[in-house]
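First the structure, in the form of structure tokens, and then the observations on it.
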Number of protein chains: 2
Amino acid sequence: MIRVGINGYGTIGKRVAEAISLQDDMKVMGVTKTRPDFEAELAIKKGFRLFSAIPGNEEKFRDRGIEIEGNIENLIDDVDVIIDCSPGGYGAENRRVYERHGVKAIFQGGEKADVAQTSFISLCNYEKAIGKDYVRVVSCNTTGMGRIANIIDSEWGIERMRVVVIRRAVDPKDDKKGPINAIAPNPVKLPSHHGEDLKTVMPHLNVITSAVKVPTTLMHVHMVNFNVGEMPERESLIERLKKEPRIALFNSANGFKSTASIIEYAREIRQRNDLWENCIWEDSIAVEGDEIYLFQAIHQEAIVVPENVDAIRAVMGFEDKEKSISKTNRSLGLTQ
Amino acid sequence: MIRVGINGYGTIGKRVAEAISLQDDMKVMGVTKTRPDFEAELAIKKGFRLFSAIPGNEEKFRDRGIEIEGNIENLIDDVDVIIDCSPGGYGAENRRVYERHGVKAIFQGGEKADVAQTSFISLCNYEKAIGKDYVRVVSCNTTGMGRIANIIDSEWGIERMRVVVIRRAVDPKDDKKGPINAIAPNPVKLPSHHGEDLKTVMPHLNVITSAVKVPTTLMHVHMVNFNVGEMPERESLIERLKKEPRIALFNSANGFKSTASIIEYAREIRQRNDLWENCIWEDSIAVEGDEIYLFQAIHQEAIVVPENVDAIRAVMGFEDKEKSISKTNRSLGLTQ
């Protein structure tokens, strides 16, 4: 049984904790929180042992009547792998603590690539993470781009990939910032970093990306465009996508006209409407001349969850990529 | 003096009426309204003669104390050219009335291309409209794409153009519809109609477009991407754009981070923040490998105004394209 700790029970941490609880080969030993807020109480209500992310702050939790079992250092000594879900940019500092305790760690996409020995997307490069001590699961946008790029590339050979990322401005829980009525190229200077980030996983890829931020909270949307070596028939492309459990196809004729309707569907079938799949509009898939075009929606809060679970197995030396992926998929209910 | 009537004093109509008033070779003989609302009152306050768009409805205006001089048929008999600014889709029906009265007409981009003898963007195909009876000024998005395409194509030869249109959901005055928190591929099925529409003006263009609708009212944003025959230096591309008065360059270092800041600037320098130019983020312009990338913002309410003024001269047989364009530019205060 792999013993796992979650450092940071926030947007990603709480989802990863729950996904790990569904695996039969790993166990959540505890989670950390910086502040004694409602999410700290939720962690305990969900049955997780709670630790202070900052050593010495345990009293602040006790003062609010929240049961705390120690701090991050105590948790680390009890685990094989730490999932670092702290806010972006803290990873490098945290890594020094993990190193001191000799514990493996999985970082998130908010960290620079050099925080880890390899960046990671299960379908693309699981094998690179096997036995490593430090692995970085890339961001939601990069994960979404990498999955579809991997399929297209391995089947038909990508010559060039272009993506326009239409980003949700903030997450649903964020009540501090906007924009509320604007479209912001983000960054203005082209290309955006997303393509470079994807190359940390797929170094051979000829990819260029741009991004705008728009006033919505639910999901990102990618306009994806490929030149490929060999043109597929539209139908065989769709058949191939249907075979991949981490891709879900949606059809506008069924009422899926926007991210709002996709999320409305997810609210009925999933805890907190988590969508771990690339949500591709099937009717957007176009094979035009010598190019492929499609729209996909990416649930920024959830898409990297299966990647985190697979990364745990990889760093612990579990060598069978397909077995890990299908184990994770089955536990979450991800089917073709 | 060219005598012009405006059929429909709405979003486009009121702007075109004002722009015509600034010309020394044409005169607004009157404007029409369907309903006696605040915009009808504004038309009179601004000094325009008002006519009922629907014959027989004059009393409805008089009942509200709004001075009305007759109906559309009376206006038509008094003009050389009608600018049809009625809601999209009414143009074909209206054209029969214009034909009956033997008056030339200029339609807007909401109509099908076959409503007119030619579609129109001043920089691209002024000459096609000379002496014609029916001309269609294309939509805001098509106008914005056509202007930049024309410059790039004539200087460096476009081999392929790809545009992702990130559309404002509704205009600022529209209080009836959303979306308020979603990204909607619009249409889902690719490609979008914008590329086909652009080909009604530039038939040789290899262009493909897609569009999403997002919750904002201010401007559209286009992510534009070109393959060209001969690659320009970035600096010479910028120099060329600076020479075109219907292109305005904005720099994010000056605080232009989004459509909101561009519109905030326009509110200081223009009546109702009208931006008749393609607003291109200078720092977004990228010459990457064998491709050109840039972001441009398009003020959907205003960009087609100069095109309407030029179209009037063209249909009246004024043959000097450059002279018409620079006359229109000077009257509006559009400089390089």
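Proximity of A:S210 to B:Y293: side-chain heavy atoms (C-beta onward) are nowhere separated by under 4.5 Å.
The part of A:I180 that comes within reach of chain B is its backbone (N, CA, C, O), which places non-hydrogen atoms under 4.5 angstrom from that chain. In this structure, the portion of A:V214 lying under 4.5 Å from any heavy atom of chain B is its side chain and not its backbone. Looking at A:V164, only its side chain comes within 4.5 Å of chain B, counting heavy atoms on both sides. For a residue to count as touching a neighbouring chain, one of its non-hydrogen atoms must lie under 4.5 Å from one of that chain's; by this rule A:K189 touches chain B with backbone and side chain alike. Looking at A:L294, the atoms closer than 4.5 Å to chain B (heavy atoms on both sides) all sit in the backbone: N, CA, C or O. Only the backbone of A:P187 has a heavy atom closer than 4.5 Å to any heavy atom of chain B.
Partner A:M223 forms a side-chain contact (heavy atoms from CB on, under 4.5 Å) with one of B:L190, B:V212, B:T209 and no other, that one being B:L190.
Top candidate by heavy-atom pairs under 4.5 Å with chain A, chosen from B:A182, B:P191, B:S261, is B:A182. Ranked by heavy-atom pairs under 4.5 Å with chain B, the list A:A286, A:S284, A:A184 is led by A:S284. Residue with the most contacts toward chain A among B:P179, B:A169, B:S258: B:S258 (heavy-atom pairs, distance under 4.5 Å). Taking A:T259, A:I166, A:I183 one by one and counting their heavy-atom pairs under 4.5 Å with chain B, the maximum is reached by A:I183. In terms of heavy-atom pairs under 4.5 Å with chain B, the best-connected choice from A:E282, A:H220, A:E291, A:E288 is A:E291.
Considering only residues two or more places apart in sequence or on other chains, A:Y265 meets the ring pair (Phe, Tyr, Trp, His ring centres under 6.0 Å) condition with A:F256.
The nearest pair of heavy atoms linking A:A211 to B:F295 is O-CZ, 3.5 Å. The nearest pair of heavy atoms linking B:N227 to A:R162 is OD1-NH2, 4.3 Å. Of all heavy-atom pairs spanning B:N181 and A:A260, the tightest one is O-CB, 4.2 Å.
For residues 241-255 of chain A, a heavy-atom distance under 4.5 Å to chain B picks out A:S252, given by residue number.
Open room surrounds CD on A:E233; 12 or fewer heavy atoms of other groups in view lie less than 6.0 Å from it. When the shell of 6.0 Å around CZ of B:R267 is examined, it contains 12 or fewer heavy atoms from other residues, nucleotides or ligands.
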